Amino acid sequence: MFKYFIGSYLITIFGLATAYIWGNHVHGGSGLTCVFIAFVLAILEISLSFDNAVVNAMKLEGMSPKWRHRFITWGILIAVFGMRFLFPLAVVSIFAGVNILSVLDMALHDVNKYAHYLELTHAPIVAFGGAFLLMLFMDYFTEKGKSLHWICPIERRLQKLHKFKGICTLTTLLALGIILNILPVEQRLSVLTSGIAGIITYLSIDGLAEWLERRQEERAKQCADAVKCSGLVGFLYLELIDASFSLDGVLGAFALSQDIIIITIGLFIGAMFVRSLTIMLVEKKTLDQFCYLEHGAHWAIGTLAVLMFISTFKEVPEVVTGLLGLVFILSALGCSIAHNKKNS
């Protein structure tokens, strides 16, 4: 097990050392404080993203070793630099109408102003993530032909909805409509636009993945190209899932620190451990051993989507999000162990 986390441990040592140096030189001798904050942020990221690791593992099982490696290398750079550093800057730049370099300068030298702008963009950001994740939740439980159920009374009823075309989209739009009636008028357009963008993004990636799978099956002579494209689409799909999961963590990080460098370091450490855990789950075939783990992860996804929607108008503590997700994962794990013993 240790071998899967060697890279994560090295990143942790490097990251905490960097946080210490940054704190001493930029914040006047606050190195240990910055180390502590970065460590707490890493724990927060891991606790919020454990269900993400399970979902990622499920998708990675169908990918080649090459694309698995790219997920842990290229993917971590995209996840950290793109989602946890560049994305907040880009969002503030767009909504504030300020050049992104000016936003970076603001984040480094006027953190209160930067945090204010980021807070103003909270509702549309989580609306996008909530819509994307709710689509993922509904798509999983309404899949035709699913024979294994965990929370049987609910999951059986959800599966019967597959006969209604577009049920996932309709459910997500209904959830958006409920939220819009609660929000102030001035926020409704941005939240609606972001929510629809989340739906379209999911449908586009999921549709392209299905098309490539069919093409791969029908045209065996183009198998190499099909696998390459399928790997790329799967990679992009996983990055979007990771991005949606990380939205609440990125925004919630500002409750602990307003220093974007310390935030990036803490989230980087956490994201690296989640990636390492994902690879371990795949190579040890953990999902095959614990049959309800996927179900628990998707229930955690559905819960996170609902909490994201709620957070557009009411603050939801990150600890609540993390604990609820962990409850579903641990419950599914316990039920899987009991199921294995019963059938052994």
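Not measured: the values here are computed from a predicted model.
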**Complete:** When rounded to the nearest 0.5 Å, the distance separating SG of C34 from CG of L16 is 11.0 Å
**Message:** Keeping D139 on the side-chain end and M135 on the backbone end, is there a donor-acceptor pair under 3.5 Å?
**Reply:** no
**Asked** Below 4.5 Å, heavy atoms only, C-beta onward: do D259 and W22 meet side chain to side chain?
**Response** yes
**Request:** Flag the pair L148 / Y292 as yes when at least one side-chain heavy-atom distance between them is below 4.5 Å, and no otherwise.
**Result:** yes
**Prompt:** Between atom CZ of R157 and atom NZ of K160, what is the distance when rounded to the nearest 0.5 Å?
**Reply:** 6.5 Å
**Item:** M106 and Y117, any side-chain heavy atoms less than 4.5 Å apart
**Value:** yes
**Request:** Keeping the roles fixed (side chain from S194, backbone from P124), state whether a donor-acceptor pair exists under 3.5 Å.
**Result:** yes
**Exercise: identify the closest heavy-atom pair between A38 and I262** = N-CG2, 4.1 Å
**Request:** Can you measure from CD (E45) to CD1 (I269) and round to the nearest 0.5 angstrom?
**Result:** 11.0 Å
**Interatomic distance, S336 atom OG to E294 atom CD [nearest 0.5 angstrom]** = 10.0 Å
**Request:** Determine whether V327 and I46 fall in the same hydrophobic cluster, where Ile, Leu, Val, Met, Phe, Trp and Tyr are linked whenever their side-chain heavy atoms lie under 4.5 Å apart.
**Result:** no
**Closest non-hydrogen atom pair between F268 and I11, with its separation** = CZ-CD1, 4.0 Å
**Request:** Output yes when a side-chain donor or acceptor of S331 lies under 3.5 Å from a complementary backbone atom of F328, and no otherwise.
**Result:** no
**Prompt:** Does F5 reach the side chain of M280, with side-chain heavy atoms less than 4.5 Å apart?
**Reply:** yes
**Message:** When you compare the side chain of D105 with that of Y114, does any pair of heavy atoms fall below 4.5 Å?
**Reply:** no
**Asked** Can you tell me how far CD1 of I260 sits from CD1 of I265, rounded to the nearest 0.5 angstrom?
**Response** 11.5 Å
**Flag if over 12 foreign heavy atoms under 6.0 Å of CZ, F39** = no
**Message:** Please tell me whether I261 and I21 are part of a single hydrophobic cluster in this structure, the criterion being side-chain heavy atoms less than 4.5 Å apart.
**Reply:** no
**Request:** Could you tell me which residues satisfy side chain to side chain donor-acceptor pair (under 3.5 Å) with H25, sequence neighbours excluded, listed by chain and number?
**Result:** none
**Item:** CD/E186: more than 12 non-hydrogen atoms of other groups inside 6.0 Å
**Value:** yes
**Request:** Without swapping roles, check the side chain of E155 against the backbone of I151 for a donor-acceptor pair under 3.5 Å.
**Result:** yes
**Item:** For the student: nearest non-hydrogen atoms of C291 and H339, plus distance
**Value:** SG-CD2, 3.5 Å
**Message:** Tell me if a side-chain donor or acceptor on S93 pairs with a main-chain N or O of V98 at a distance below 3.5 Å.
**Reply:** yes
**Stepwise side chain to side chain contact (heavy atoms under 4.5 Å, CB included) check, H162 with I167** = CA-CA 7 Å; H162 77 267; I167 188 63; over 6 Å; no
**Request:** Verify, without hydrogens or angle tests, whether H122 (side chain) and S311 (backbone) share a donor-acceptor contact under 3.5 angstrom.
**Result:** yes
**Asked** Has Y9 got more than 12 heavy atoms of other residues, nucleotides or ligands less than 6.0 Å from its OH?
**Response** yes
**Message:** A side-chain contact here means heavy atoms from C-beta on lying under 4.5 Å apart; do I310 and I179 qualify?
**Reply:** no
**Message:** Closer than 3.5 angstrom, by distance alone: can the side chain of T278 be matched with the main-chain N or O of A57 as a donor-acceptor pair?
**Reply:** no
**Message:** Given 3.5 Å as the limit, does a donor-acceptor pair link the side chain of N340 with the main chain of Q289, or not?
**Reply:** yes
**Asked** Do you reckon F14 sits in the same ILVMFWY cluster as I6, going by side-chain contacts under 4.5 Å, direct or chained?
**Response** no
**I337: side-chain contact (heavy atoms from CB on, under 4.5 Å) partners, not counting sequence neighbours** = F290, L333, K341
**Asked** Hey, quick one: are W299 and L326 part of the same hydrophobic cluster, counting side-chain heavy atoms closer than 4.5 Å, chains of contacts allowed?
**Response** no
**Message:** For a side chain to side chain contact (heavy atoms under 4.5 Å, CB included) check, start with the C-alpha distance between E283 and I279, then their side-chain angles and the critical distance, and finish with the verdict.
**Reply:** CA-CA 6 Å; E283 295 190 356; I279 296 299; 3.7 Å; yes
**Asked** What closest approach, in Å, do L277 and A53 show between heavy atoms, and which atom pair accounts for it?
**Response** CD2-CB, 3.9 Å
**Message:** Could you go through I154 and F141, starting from their C-alpha distance and side-chain angles, then the distance that decides it, and tell me whether this counts as side chain to side chain contact (heavy atoms under 4.5 Å, CB included)?
**Reply:** CA-CA 10 Å; I154 301 176; F141 284 111; over 6 Å; no
**Request:** Find out if a path of hydrophobic residues (ILVMFWY) with successive side-chain heavy-atom gaps under 4.5 Å connects F137 to L170.
**Result:** no
**Request:** Using a 4.5 Å cut-off on heavy atoms from C-beta on, say whether the side chain of M308 contacts that of L133.
**Result:** yes
**Asked** With ring centroids as reference points, do H298 and Y140 lie under 6.0 angstrom apart?
**Response** yes
**Asked** Does Y4 have its ring centroid less than 6.0 Å away from the ring centroid of F273?
**Response** no
**Message:** Does any part of the side chain of P317, heavy atoms only, come nearer than 4.5 Å to the side chain of V320, both counted from C-beta?
**Reply:** yes
**Fill in**
OG1 (T172) and CG (L134) are apart, to the nearest 0.5 Å, by 4.0 Å
**Qualifying residues under salt bridge (Lys or Arg N to Asp or Glu O under 4.0 Å), relative to K146, sequence neighbours excluded** = E143
**Prompt:** Between C335 and W150, is a side chain to side chain contact (heavy atoms under 4.5 Å, CB included) present by the stated rule, with each step listed?
**Reply:** CA-CA 8 Å; C335 290; W150 178 37; 3.2 Å; yes
**Prompt:** Is a side-chain donor or acceptor of R188 paired with a backbone partner of L183 at a separation under 3.5 angstrom?
**Reply:** yes
**Prompt:** Which atoms form the tightest heavy-atom contact between V191 and A123, and what is the distance?
**Reply:** CG2-CB, 3.8 Å
**Fill in**
Nearest heavy-atom contact between L89 and L104 is CD1-CD1, 3.9 Å
**Request:** Have a look at F309 and tell me which of V126, I182, L176 forms a side-chain contact (heavy atoms from CB on, under 4.5 Å) with it.
**Result:** L176
